[in-house]
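See below for the structure under consideration.
Just the heavy atoms: all of them, side chains too, but no hydrogens, waters or symmetry mates, feed the values below. In this chain, numbering begins with 1 at the start of the sequence shown.
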Amino acid sequence: MGVVKYPVWIVQRQMRSLSGVGIVLGALFFAAALTPTLVPRSYLTQGALAGACFAIGYGAGIFWRWLWHYLELPEPSERIRSTANMLIAGACLIVVVIFLWRAAEWQNSIRAVMKMEPVESAHPFKVCAIALVSFVLLLALARLFKLVTGFVSARIRRFIPRKIANVLGVLLATLLFWSIANNLLIRTAFTALDSSFREFDALLEPERPQPTAAGKTGSTASLVRWNELGRAGREFVASGPTAGAIGAFTGRPAREPVRVYVGLRGADTARGRAKLALEELKRQGGFERSTLIVITPTGTGWIDPAAMNPVEYLHDGDVASVAVQYSYLNSPLSLLFQPEYGAEAARALFAEIYSYWTTLPRDKRPKLYLHGLSLGAMNSEKSAELFETIGDPIAGALWSGPPFESRFWRSITANRNEGSPAWLPEFRDSRFVRFMNQNGPTVAADHPWGAMRIVYLQYASDAITFFDYHDAYRRPAWLDAPRGPDVSPELRWYPVVTMLQLALDMAVATGTPMGFGHVYAPEHYVDAWVAVTDISHWSPEALARLKEHLAAEARRASEGSANDNPYDDRGG
């Protein structure tokens, strides 16, 4: 019996040691975590989030009690404290029950604006169970940290004053935990993931054979070997519309689009890959096309077909596009572990292409554009310096789903015209940069452009674009009225909690239907490319037919893809 009683005694002791103030604040944080943000959540992600929020609220309560004692403020009597705790705890329990009851309604408010089927239940019992497990794990980690801090402080207290020893104990324990997490856990995980992604990238897909046409990248005549392209590169050069498909749709003569790609195995350095891409582009006659697009891919090297197929249809195949790979990891991991790689690769490729492009006669060279999605958009922004191109500017850029860390995007959004919403800004006279979403641009199509055209395609429900660390203590501007068409009217801001919700939204932003979140639809790219590349020979009826055609193709492709693939980097 003693063997059984001992674990029970430990559990009872731990329960009695819980802070009443911490439980109250934790319950309020738990309830706030059930409210909607930008992306629908499953009961698994909702439970993990709610448990983490409860732990943070509990920690805030612990700190509040410590600060109260440290300041030696008067303590209420035991009777008053007990009565107050019971009343507050009861009120918090009622709040939690009400919020759990409304959780399904809130999730359906997001699903409704995204045209998704409603859910019948938010699975409150499963959410609570997962939240409890999350809280217990975080609480155990926090108490382990406290034990280590106390142990270290007690050892050095023999030699230095108590308060200094306590501070040093906290600092040394923090250093120990950080070292273990960073050098052991994170680095080990990074090495394993990098190896795994590298092996996956090298797999040759039997359903995607090597091109036989000499003009294709990866063919036997190409400067880039088929096995050096990487998985994303092979997908890019082997897919896309052919001249026959474009001509059959438009009824006009079409050219075979030029797609050049160099994977990480193509050369040892970013500059080497960029030079190889330039030579392959010249070999295929890319500079003899009317339109040339320098693409910065996402973390794994993936290029969204929803972005590139439309522009090739719009220009009757008279398009050349070029990209180089800079990482095996998906975008979040690449941004975390290799933040400088993408910018370095994008800069090297643009420098090579631009340097050669400026040597060509202005009346015979193609119009030069930049493009990037997500992390690719941020790195593409960094690829071209304005002062270097001001004497011979490029034609423009299309950047979709720019991450919140994109400096150029942040600057323009922060300096938007008064009265324009943060989720779809207007910048000055709209001659230089414009923003678009599902409903098109904010200005009329016949509004005059300047010498360079920059378009940002972004959805108000894209957390990767609209997350901000300042959301922990400041209400985001994109919540002001009017709100984006794909944002729940039930969304409210809560300190700390909303930031954590949006952080989770970033992780699942590609799980939305196409046209919402971080999954950009080809029909919206049509509008964006029309604006950027100055399309005038397509009638409104023909554009509408093209959008329907591309949307149907995208649906068929998404039905055949494995969106739960951990290596998939669609939009990320």
Could you tell me the separation between the [atom1] atom of [X] and the [atom2] atom of [Y], rounded to the nearest 0.5 Å?
X      : Y      : atom1 : atom2 : result
Ile246 : Asp316 : CD1   : CG    : 7.5 Å
Met514 : Glu523 : CE    : CD    : 8.0 Å
Ser488 : Arg483 : OG    : CZ    : 7.0 Å
Ile412 : Arg434 : CD1   : CZ    : 13.0 Å
Glu312 : Thr291 : CD    : OG1   : 10.5 Å
Leu457 : Gln438 : CG    : CD    : 8.5 Å

Does a donor on one side chain and an acceptor on the other come within less than 3.5 Å for Ser400 and Tyr525?
-> yes

Compute the ring centroids of Phe99 and Phe30, then answer whether they are less than 6.0 Å apart.
-> no

Would you please indicate if the ring centroids of Tyr459 and Tyr520 are separated by under 6.0 Å?
-> yes

Under the side chain to side chain contact (heavy atoms under 4.5 Å, CB included) rule, what do Glu490 and Ile110 come out as? Steps first, then yes or no, please.
-> CA-CA 8 Å; Glu490 300 290 337; Ile110 312 174; over 6 Å; no

When you measure from the side chain of [X] to the backbone of [Y], do you find a donor-acceptor pair of N or O atoms at a distance under 3.5 Å?
X      : Y      : result
Trp538 : Leu314 : yes
Ser411 : Phe408 : no
Arg265 : Asn227 : no
Glu405 : Met378 : no
Arg492 : Pro489 : yes
Ser380 : Ala377 : no
Asn417 : Pro425 : no

To check you understand the geometry: which heavy-atom pair defines the closest contact between [X] and [Y], and what is its length?
X      : Y      : answer
Pro513 : Met116 : CG-CG, 3.4 Å
Asn379 : Thr296 : CB-CG2, 3.8 Å
Gln107 : Pro36  : NE2-CA, 4.4 Å
Ala460 : Leu38  : O-CD2, 3.8 Å
Met114 : Ser461 : CE-CB, 3.7 Å
Leu349 : Val322 : CD2-O, 4.0 Å

Do [X] and [Y] come close enough that some side-chain heavy atom pair is under 4.5 Å?
X      : Y      : answer
Asn309 : Pro522 : no
Tyr43  : Ile130 : yes
Ser321 : Phe236 : yes
Leu491 : Trp478 : yes
Phe435 : Glu426 : no
Gln458 : Asp462 : no
Asp486 : Asn437 : no
Gln501 : Leu49  : yes

Crowding at [atom1], [X] (>12 non-hydrogen neighbours, <6.0 Å):
X      : atom1 : answer
Lys547 : NZ    : yes
Phe467 : CZ    : yes
Arg225 : CZ    : no
Arg271 : CZ    : no
Arg407 : CZ    : no

Leu34 vs Arg102, side chain to side chain contact (heavy atoms under 4.5 Å, CB included): CA-CA, chis, key distance, verdict | CA-CA 8 Å; Leu34 300 172; Arg102 293 200 60 191; over 6 Å; no

Who are the ring-ring contact (aromatic ring centres under 6.0 Å, His included) partners of Tyr261, not counting sequence neighbours?
-> none

Only one of Thr413, Asn439, Thr442 passes side-chain contact (heavy atoms from CB on, under 4.5 Å) with Leu424, and that residue is Thr442

Can a cation-pi geometry be assigned to Arg545 and Phe249, taking NZ or CZ under 6.0 Å from the six-membered ring centre and within 45° of the ring axis?
-> yes

For Glu352, enumerate each residue passing the side-chain hydrogen bond (donor to acceptor under 3.5 Å, both in side chains) test, keeping only those at least two apart in sequence or located in another chain.
-> Lys275

For Phe350 and Ile394, what are the C-alpha separation, side-chain angles and deciding distance, and is it a side chain to side chain contact (heavy atoms under 4.5 Å, CB included)?
-> CA-CA 11 Å; Phe350 177 78; Ile394 64 174; 4.0 Å; yes

